[in-house]
Student: 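One structure, as structure tokens, below. Some questions next.
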Amino acid sequence: MSILTPNPRKTHSLRDLGAVDVDALRAAVLAIPESVWDEENAGKPNKFEALDSTRHIVFRFVDSTKDWRASHDRPRWAEFEQLLSPVLAQATRDYGYVRGAFPRVMLARMKPGGVIQTHIDANPAAKWPHKIHVPLQTSPGAVFFVGETGHHLPLDRAVEVNNLGPHGVRNDADIDRIHLIFEYFDLDQPDPAWLEPLLAVDADLRAKAAGQF
């Protein structure tokens, strides 16, 4: 099988995508009760060790971490769709894709003193879509690291980040850091050559496992 090469369109560091109007979305997010944050975080599909105590509300997620092309809406999507859709559209306008898709959409909330350990997004489904952050609540003490270099992602701007290189977060501020985080890809871009063989191997392994019973 060929090496799982990333999408050549992805940024290698940070890419500023411009200003985004998030006033309505921010007001709704800040009104979410703590009980909802706790409930959604407990049932989230992205329980990765590197994320530490960061809490999430996941609106949309991939069906498989090996394939970004199929995803599903989670229960809170319907409630927030009208607020999220304009923000997603504004944040991705510079890509110029005629048909774009959003396989993962979520809120990430990090308490003061919180840390996301340095990591890379290793699953195959993370290698193709752009990964984009839109800060909804932050302060200069919230720092996003690309390698050893720290960056403060400002309010009300969309930024594509390099999720395939070492990256992490530290919140030294005295308020929670809340970001809208999502993935975006071009439906008209040809799939990478490695995807079909990867999925074929996975299907073969599942079939062999099923035949053991």
Side-chain angles (χ1 to χ4, degrees), residues 10-34 36-38 40-41 44 46 50-60 76-77 79-97 100 102-119 121 126 129-163 165-184:
K10 287 168 69 72
T11 185
H12 296 292
S13 180
L14 298 178
R15 176 184 176 183
D16 181 74
L17 298 171
V20 181
D21 181 2
V22 298
D23 288 349
L25 176 61
R26 176 169 36 237
V29 168
L30 294 180
I32 296 173
E34 288 296 317
V36 172
W37 277 102
D38 291 340
E40 291 295 318
N41 189 66
K44 68 185 180 182
N46 58 326
L51 298 177
D52 194 34
S53 60
T54 301
R55 292 193 288 173
H56 296 84
I57 296 176
V58 180
F59 299 110
R60 181 176 289 167
R76 297 284 173 182
W77 171 258
E79 178 183 350
F80 279 85
E81 180 179 7
Q82 290 187 336
L83 295 170
L84 287 166
S85 292
V87 175
L88 299 178
Q90 288 179 51
T92 56
R93 61 195 167 209
D94 284 354
Y95 292 104
Y97 299 158
F102 302 92
R104 296 190 241 207
V105 182
M106 65 191 71
L107 299 172
R109 180 178 175 185
M110 175 185 284
K111 64 186 178 182
V115 174
I116 293 178
Q117 302 296 335
T118 301
H119 66 288
D121 293 359
H130 305 282
K131 187 167 185 180
I132 299 168
H133 285 234
V134 180
L136 303 179
Q137 177 174 281
T138 189
S139 75
V143 180
F144 184 94
F145 288 91
V146 178
E148 300 295 324
T149 304
H151 305 265
H152 172 64
L153 306 187
L155 283 173
D156 305 350
R157 295 192 74 83
V159 180
E160 181 185 351
V161 305
N162 175 16
N163 62 320
H167 61 283
V169 183
R170 187 176 70 240
N171 186 13
D172 292 334
D174 57 2
I175 60 171
D176 288 356
R177 168 193 181 267
I178 305 176
H179 281 199
L180 170 66
I181 302 175
F182 61 93
E183 294 178 339
Y184 182 64

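For the numbers below, each heavy atom of this structure counts, side chains included, while hydrogens, waters and symmetry mates do not. This is a predicted model, so every value here is computed, not measured.
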Student: Crowded around Glu34 CD? As in, over 12 foreign heavy atoms under 6.0 Å?
Tutor: yes
Student: Checking the side chain of His152 only, and the main-chain atoms of Ala142 only, is there a donor and an acceptor separated by less than 3.5 Å?
Tutor: yes
Student: Does any N or O in the side chain of Asn163 come within less than 3.5 Å of the main-chain N or O of Lys131, such that one atom is a donor and the other an acceptor?
Tutor: no
Student: Give a yes or no on whether Glu81 atom CD has more than 12 heavy-atom contacts from other residues, nucleotides or ligands under 6.0 Å away.
Tutor: yes
Student: Counting C-beta onward and ignoring hydrogens, is there a side-chain heavy-atom pair between Ile32 and Trp37 closer than 4.5 Å?
Tutor: yes
Student: Below 4.5 Å, heavy atoms only, C-beta onward: do Leu84 and Phe102 meet side chain to side chain?
Tutor: no
Student: Roughly how far, to the nearest 0.5 Å, is CG of Leu14 from NE2 of His133?
Tutor: 9.5 Å
Student: Mind checking side-chain hydrogen bond (donor to acceptor under 3.5 Å, both in side chains) for Arg93 and listing every partner two or more places apart, or none if nothing turns up?
Tutor: none
Student: Is it the case that Arg15 places NZ or CZ above or below the six-membered ring of Tyr95, under 6.0 angstrom from the centre and within 45 degrees of the axis?
Tutor: yes
Student: Test of understanding: with side-chain hydrogen bond (donor to acceptor under 3.5 Å, both in side chains), list the residues that count as partners of Arg170, not counting sequence neighbours.
Tutor: Asp172
Student: Stepwise, does the side chain to side chain contact (heavy atoms under 4.5 Å, CB included) test hold for Leu107 with Leu180?
Tutor: CA-CA 5 Å; Leu107 299 172; Leu180 170 66; 4.2 Å; yes
Student: Do the side chain of His119 and the main chain of His167 share a donor and acceptor less than 3.5 angstrom apart?
Tutor: yes
